Amino acid sequence: MFMPIFTIVVGDLLLATGLIGYFATGSESPTALIPAAFGLLFNVLGALAFKPNLRKHAMHGAAVLALLAVLGTARGLLQLPTLLGGGLVTRPAAVVSQSVTAVVALVYLAVCVKSFRDARRKG
């Protein structure tokens, strides 16, 4: 029962990331809400996973969603060292938001892989 709850927590973190990014930048760019969209999808999948007959499908869907989130935000994560080192990046807020999203999704993906392995071992 850990994974459905963890999925919802991840969804909430991404929702917060998107909303904070959007409002902290003056609500100028709707693309700042992309992490929030990922978060909403994680919350839906986490809620569906509480139904035993949907758990496996919902968790696999969430793992795919995490992979898509990592792939979609890796660019920002790669620019983070430049930003932290005092260098110039085009959109600093986007780099931070993408980096947070990438790290959260990577951690979630790692936990998913471990969970899938454990479930397979249990048979």
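Small disclaimer: the values here were computed from a predicted structure and weren't measured.
The heavy-atom pair separating I8 from A47 by the smallest distance is CD1-N, 3.9 Å. Nearest heavy-atom pair across L77 and S99 is CA-OG, 3.4 Å. Contact between A93 and T25 at its shortest, heavy atoms only, is CB-CG2, 3.5 Å. Contact between V95 and G76 at its shortest, heavy atoms only, is CG1-O, 3.4 Å. Nearest approach of T31 to S29, heavy atoms of both residues: OG1-OG, 2.6 Å. The nearest pair of heavy atoms linking A58 to L45 is CB-O, 3.4 Å.
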Verdict with supporting geometry, R91 and Q98, side-chain contact (heavy atoms from CB on, under 4.5 Å): CA-CA 11 Å; R91 297 179 340 235; Q98 289 173 1; 4.0 Å; yes

Stepwise side-chain contact (heavy atoms from CB on, under 4.5 Å) test for C112 and M59: CA-CA 8 Å; C112 278; M59 290 296 90; 5.9 Å; no

With side-chain contact (heavy atoms from CB on, under 4.5 Å) as the test, would you mind laying out the steps for V104 and T17 before giving the verdict? CA-CA 10 Å; V104 169; T17 300; 5.7 Å; no

Is there a side-chain contact (heavy atoms from CB on, under 4.5 Å) between L14 and Y108? Walk through the geometry before answering. CA-CA 11 Å; L14 293 175; Y108 182 80; over 6 Å; no

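Partners of L78 under the side-chain contact (heavy atoms from CB on, under 4.5 Å) rule, at least two apart in sequence or in another chain, do not exist in this structure.
Looking only at distances, no side-chain donor or acceptor of T7 sits under 3.5 Å from a matching main-chain atom of F42. A side-chain donor-acceptor contact under 3.5 Å links T73 to the backbone of A69.
Using a 4.0 Å cut-off between charged nitrogen and carboxylate oxygen, D118 and K122 do not count as a salt-bridge pair.
L65 and L33 are members of different hydrophobic clusters when ILVMFWY side chains are connected at heavy-atom separations under 4.5 Å. V89 and L80 end up in the same hydrophobic cluster when Ile, Leu, Val, Met, Phe, Trp and Tyr side chains are linked at under 4.5 Å. The hydrophobic clustering, which links ILVMFWY residues whose side-chain heavy atoms are closer than 4.5 Å, places L41 and V111 together. A continuous path of Ile, Leu, Val, Met, Phe, Trp and Tyr side chains, each step under 4.5 Å between heavy atoms, connects M3 with F116, placing both in one hydrophobic cluster. Residues F38 and L109 are members of separate hydrophobic clusters, defined by side-chain heavy-atom contacts under 4.5 angstrom among Ile, Leu, Val, Met, Phe, Trp and Tyr.
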